[in-house]
Amino acid sequence: MRPAFAVGLVFAGCCSNVIFLELLARKHPGCGNIVTFAQFLFIAVEGFLFEADLGRKRPAIPIRYYAVMVTMFFTVSVVNNYALNLNIAMPLHMIFRSGSLIANMILGIIILKKRYSIFKHTSIALVSVGIFICTFMSAKQVTSQSSSSEDDGLQAFLRWLLGIGALTFALLMSARMGIFQETLYKRFGKHSKEALFYNHALPLPGFIFLASDIYDHAVLFNKSELYQVPVIGVTVPIMWFYLLMNVITQYPLRCSAMRSALWSFD
């Protein structure tokens, strides 16, 4: 019963999280930094209270290893959210990120020298075809929705290509992080909750470099229309409500990602 509940929770969180992210991005396409910051802050505070025991609990894995993992994790999160600024539609954003299986297999072969059966290569090929079709159709949509001006159409397409490049980079970086995390788990044992906390707490100072953009979007969120939250009856700007719901629904997804570390075919 517990596995079924966990799977259901992840699926429910994934679907609802994407809905609130799209509501945020549709109104303010450049809000990726404030969304990432809110997600990191929420998990860091929760982990500091319940996992780190207000800083009294020593980490099982040395901080220097977390520093490497955090650099990769922070980069992946920021780049993934920034890709929404580059003409990347939300459905493509979701489907492209599901290509982690492909990235994991490629890096597993290159770095870990793994070998996979023909059936596993076939399954990956089918997933790749699906991602390619979605990407191709998204490219046609970008060019058709752009201005009638040829220059504007080319600029929109080049911006979209940059977004695809950003998603590809984040995908490979995420797979490399998974391999690094897997080696740490083999050496020190699995500490998924601890990794979740440090991967979100240590990057927080890095948001100083994004403070101006975060502040600008906080001002825009304050100016959004008011919304009365059901049940509790509190009235807040609707963009803050969307952000809160996005932060809450992404939590089970982050926990699941840290527990799986690296999805392997072995």
Polar side-chain atom of S174 near backbone of A170 as donor-acceptor pair, under 3.5 Å: no

Can you find a pair of side-chain heavy atoms, one from Y242 and one from N246, that are under 4.5 Å apart? no

Nearest heavy atoms of T122 and I118, plus distance in Å: OG1-O, 2.7 Å

Out of curiosity, L243 CG to H28 NE2, how far, rounded to the nearest 0.5 Å? 11.5 Å

Excluding sequence neighbours, so at least two apart, what forms salt bridge (Lys or Arg N to Asp or Glu O under 4.0 Å) with E194? none

Gap between atom CG of N199 and atom CE of M72 - 0.5 Å precision: 9.0 Å

Measure the shortest side-chain to side-chain distance between L54 and L49 over non-hydrogen atoms and say whether it is less than 4.5 angstrom. yes

Could you report the tightest heavy-atom contact between L167 and A83, atom names first, then the distance? CD2-CB, 3.8 Å

Please name the pair of heavy atoms, one in Q181 and one in Y185, separated by the smallest distance, quoted to 0.1 Å. NE2-OH, 2.7 Å

For atom CZ of F188, is the number of surrounding heavy atoms from other residues, nucleotides or ligands below 6.0 Å larger than 12? yes

Is there a side-chain contact between I61 and M69 (heavy atoms, below 4.5 Å)? no

Measuring from E182:CD to R187:CZ, what's the distance to the nearest 0.5 Å? 15.0 Å

Start with the C-alpha gap between K27 and L23, add the side-chain angles, then the distance that decides, and say whether side chain to side chain contact (heavy atoms under 4.5 Å, CB included) holds. CA-CA 7 Å; K27 184 68 174 180; L23 289 171; over 6 Å; no

So, S77 side chain and F74 main chain: donor-acceptor pair closer than 3.5 Å or not? no

F73 vs H200 aromatic rings, parallel, tilted or perpendicular, using cut-offs 30° and 60°? perpendicular

Answer yes if M245 and F42 sit in the same cluster of Ile, Leu, Val, Met, Phe, Trp and Tyr residues linked by side chain heavy atoms under 4.5 Å apart, and no otherwise. yes

Shared ILVMFWY cluster between F241 and I232, side chains joined below 4.5 angstrom? yes

Are R176 and I111 packed together at the side-chain level, in the sense that at least one heavy-atom pair is separated by less than 4.5 angstrom? yes

Nearest 0.5 angstrom please: L86 CG to L158 CG, how far? 11.5 Å

Within the side chain of H217, is there an N or O that forms a donor-acceptor pair under 3.5 Å with the backbone of N33? no

Same cluster for I248 and V229 if Ile/Leu/Val/Met/Phe/Trp/Tyr side chains link at under 4.5 Å? no

Between atom CG of L226 and atom OG1 of T235, what is the distance when rounded to the nearest 0.5 Å? 6.5 Å

Kindly write out the residues that satisfy ring-ring contact (aromatic ring centres under 6.0 Å, His included) with Y82, not counting sequence neighbours, or none if the list is empty. none

Is the side chain of T71 donor-acceptor paired with the backbone N or O of A67 at a distance under 3.5 Å, no angle test? yes

Does the side chain of T75 come within less than 4.5 Å of F169's, by heavy atoms? yes

Which atoms form the tightest heavy-atom contact between L172 and L107, and what is the distance? O-CD1, 3.4 Å

Hydrophobic cluster membership, L210 vs V247, 4.5 Å side-chain cutoff: yes

With clusters defined by side-chain heavy atoms of hydrophobic residues (ILVMFWY) lying less than 4.5 Å apart, directly or transitively, does V236 cluster with F20? yes

State which residues pass side-chain contact (heavy atoms from CB on, under 4.5 Å) with L204; sequence neighbours excluded, sorted by chain then number. F37, F40, L41, A44, F207

Between F197 and F48, what is the ring plane arrangement, given parallel below 30°, perpendicular above 60°, and tilted in between? tilted

Tightest non-hydrogen contact, residues Y65 and F180, listed as O-CE2, 3.4 Å

Looking at CG of D53 and CD of E51, how far apart are the two atoms once the value is rounded to the nearest 0.5 Å? 9.5 Å

W240 vs F221 aromatic rings, parallel, tilted or perpendicular, using cut-offs 30° and 60°? perpendicular

Could you tell me whether the side chain of V234 reaches within less than 4.5 Å of the side chain of Q228, counting heavy atoms only? no

